[in-house]
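Below is one structure, written out as structure tokens; the observations come after it.
Here is the naming used below: chain letters follow the sequence lines, and residue numbers restart at 1 for every chain. In this text the structure is predicted, and so the values were computed from the model without any measurement.
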Amino acid sequence: MVSQRTRETEDSETEEETVEDEEEISKHEARAQEELSCPECDGTLHEQGGEKICEDCSLVVEEDMIDPGPEWRAFDSKERNQKSRVGSPTTVTMHDKGLTTSIDWRDKDAYGKSIAPEKRRRMRRMRKWQERIRTKDSSERNLQFALSEIDRMASALGVPRDVREVASVLYRRALEKDLIRGRSIEGVASACLYAACRTKNIPRSLEEIETVARVERKEIGRTYRYISQELGLKMEPVEPEQYVPRYCTELNLSEAVQIKAKEIIEMTTEAGLLSGKSPTGFAAAAIYAASLLCNEKRTQREVAEVANVTEVTIRNRYQEQIKVLGILD
DNA sequence: ATGGTTTTTACTGCGTC
DNA sequence: GACGCGGTAAAAACCAT
């Protein structure tokens with residue numbers, strides 16, 4: 001009831017020196033994107049949340065893209081030179097951040113010559129210990145399993161890599177703070193992924209997470225709330241707009257409907273209808289209404305299906321929305 | 001634990017194709 | 001008659017206290 005949305009400026013830590021370089025980077029990105037244009041209207045494509053979206057008509061051109069960019073961030077050109085690149089980048093999605101030393105099993109030296117017998121014994125011992133250290137204790141194995149689970153689920157949902165990284169970091173922090181105790185690894189991993197999606201503005205609803213997770217929604221939600229509180233994650237409520245492009249493409253609706261739906265959401269949100277309501281249902285109702293207005297009607301059932309809400313919810317939101325809109329138009 | 005709010009479940013009636 | 005749609009009541013889920 002009091003969940004009126006708080007528009008906070010998040011991440012307002014803009015340091016002066018970084019600015020020009022950030023610009024340079026974004027210019028570079030823009031150039032890369034200009035080569036591609038929308039098949040429908042030749043508009044510029046814009047990458048957002050693992051989806052390629054046309055800026056003009058909001059058509060989702062490509063989903064589940066692979067993020068080819070570097071996983072590190074460069075804050076100035078010096079740093080960028082340093083970081084780009086020798087060897088594989090470190091990644092938090094591996095339990096040892098991919099930094100393991102691996103010792104060859106062959107008893108040969110760097111020139112391929114056999115190693116003297118007395119050294120061989122030493123090598124063998126080192127190898128053994130290396131393996132022991134790699135998966136040191138239960139928490140390491142725990143992490144290993146959890147991170148592979150996060151990766152599996154993220155792949156199944158088709159979320160980009162940076163989200164997985166965030167999820168991995170969250171899991172590590174949860175583990176450090178000993179928040180896993182008494183909870184299933186699966187549950188915490190799912191919750192971390194859900195949280196990561198939200199922080200990265202790539203909305204995947206709990207329902208969607210549930211389809212790939214091995215735990216039920218209730219537990220994911222409960223665990224999510226717990227860890228987000230314990231880790232001090234400041235989450236803003238999900239904006240209904242974020243669901244619009246995905247739902248619309250799933251329903252084969254045109255860009256006009258998307259724009260209309262977003263309009264409806266904006267106007268009705270102004271009027272305070274969103275407060276306390278589920279963003280998915282809200283978006284679904286707006287899409288339904290927009291589909292009617294644009295003569296591309298979809299049934300309530302169809303919309304309800306893709307949005308994972310019931311028709312009743314759509315009806316209720318829809319009624320409220322058109323009531324407000326009726327006064328306005 | 002409790003109470004208030006929202007969503008879901010289940011069911012009914014009405015109009016249309 | 002099947003289907004879409006609107007409405008309702010009761011159960012379930014959710015959330016803050």
Donor-acceptor pairs are to be reported for all side-chain atoms of residues 289-296 of chain A against protein atoms at under 3.5 Å, with residues two or more places apart or in another chain.
residue: A/Ser291; atom: OG; partner: A/Tyr288; partner atom: O; Å: 2.8
residue: A/Ser291; atom: OG; partner: A/Arg298; partner atom: N; Å: 3.3
residue: A/Glu296; atom: OE1; partner: A/Ser254; partner atom: N; Å: 3.2
residue: A/Glu296; atom: OE2; partner: A/Ser254; partner atom: OG; Å: 2.5

Discussion item. Categorize A/Arg301 for me: base, sugar-phosphate, or nothing, with a 4.0 angstrom heavy-atom threshold over every strand shown.
Written reply: nothing
Worksheet item: Less than 3.5 Å between a donor and an acceptor, one on the side chain of A/Arg315 and one on the base of C/dG7, is that the case here?
Response: yes
Worksheet item: Among all residues two or more places apart in sequence or in another chain, which pass the salt bridge (charged side-chain N to carboxylate O under 4.0 Å, His left out) test with A/Glu186?
Response: A/Arg214
Discussion item. OP1 or OP2 of B/dT7 versus the side-chain N and O atoms of A/Ser278: is any pair under 4.0 Å?
Written reply: yes
Worksheet entry | Nucleotide B/dT8, atom P - distance to CG of A/Asn308 in whole Å | 9 Å
Practice prompt. Report the distance from atom CZ of A/Arg222 to atom C1' of C/dC14, rounded to the nearest whole Å.
Written response: 13 Å
Worksheet item: Which nucleotide in the list B/dT8, C/dG4, C/dC14 gets nearest to the side chain of A/Thr299?
Response: C/dG4
Discussion item. If you compare all heavy atoms of A/Phe282 against all heavy atoms of A/Gln321, which two are closest, and at what distance to 0.1 Å?
Written reply: O-NE2, 3.4 Å
Worksheet, complete the sentence: Note: for A/Arg298 and A/Leu206 on DNA chain C, the residue whose nearest nucleotide lies more 5' is A/Arg298
Response to the item:
When A/Thr223, A/Leu231, A/Val188 are each screened for side chain to side chain contact (heavy atoms under 4.5 Å, CB included) with A/Leu179, the one that passes is A/Leu231
Worksheet item: Please give, in whole Å, the distance from B/dA10 C1' to A/Glu311 CD?
Response: 12 Å
Worksheet item: Whole Å only: how far is the CD atom of A/Gln229 from the P atom of C/dT17?
Response: 12 Å
Worksheet entry | Spacing between A/Lys277 atom NZ and C/dC15 atom P, to the nearest angstrom | 14 Å
Worksheet item: What's the shortest heavy-atom distance between A/Ile265 and A/Thr268, and which atoms?
Response: O-OG1, 3.2 Å
Discussion item. Could you check whether A/Arg217 pairs with A/Glu207 (Lys NZ or Arg NE/NH1/NH2 to Asp/Glu carboxylate O, under 4.0 Å)?
Written reply: yes
Worksheet entry | For A/Pro245 against A/Gln258, the heavy-atom pair lying closest together | CA-OE1, 3.6 Å
Worksheet item: How close or far is atom P of B/dT5 from atom CG of A/Asn316, stated in whole angstroms?
Response: 16 Å
Practice prompt. Give a yes/no answer on whether the side chain of A/Gln319 brings an N or O atom under 4.0 Å of OP1 or OP2 in C/dC5.
Written response: no
Discussion item. Distance check needed: C/dC3 C1' versus A/Gln300 CD, whole Å only.
Written reply: 12 Å
Discussion item. Among B/dT9, B/dT7, C/dC14, which nucleotide has an atom closest to any side-chain atom of A/Val312?
Written reply: B/dT9
Item to complete: Rounded off to whole Å, could you give me the CZ-to-C1' distance for the A/Arg317 and C/dC5 pair?
Response: 17 Å
Item to complete: Check each residue of residues 285-297 of chain A for a non-hydrogen atom within less than 4.0 Å of any atom in DNA chain C, then write out the ones that pass by number, or none.
Response: A/Tyr288, A/Lys297
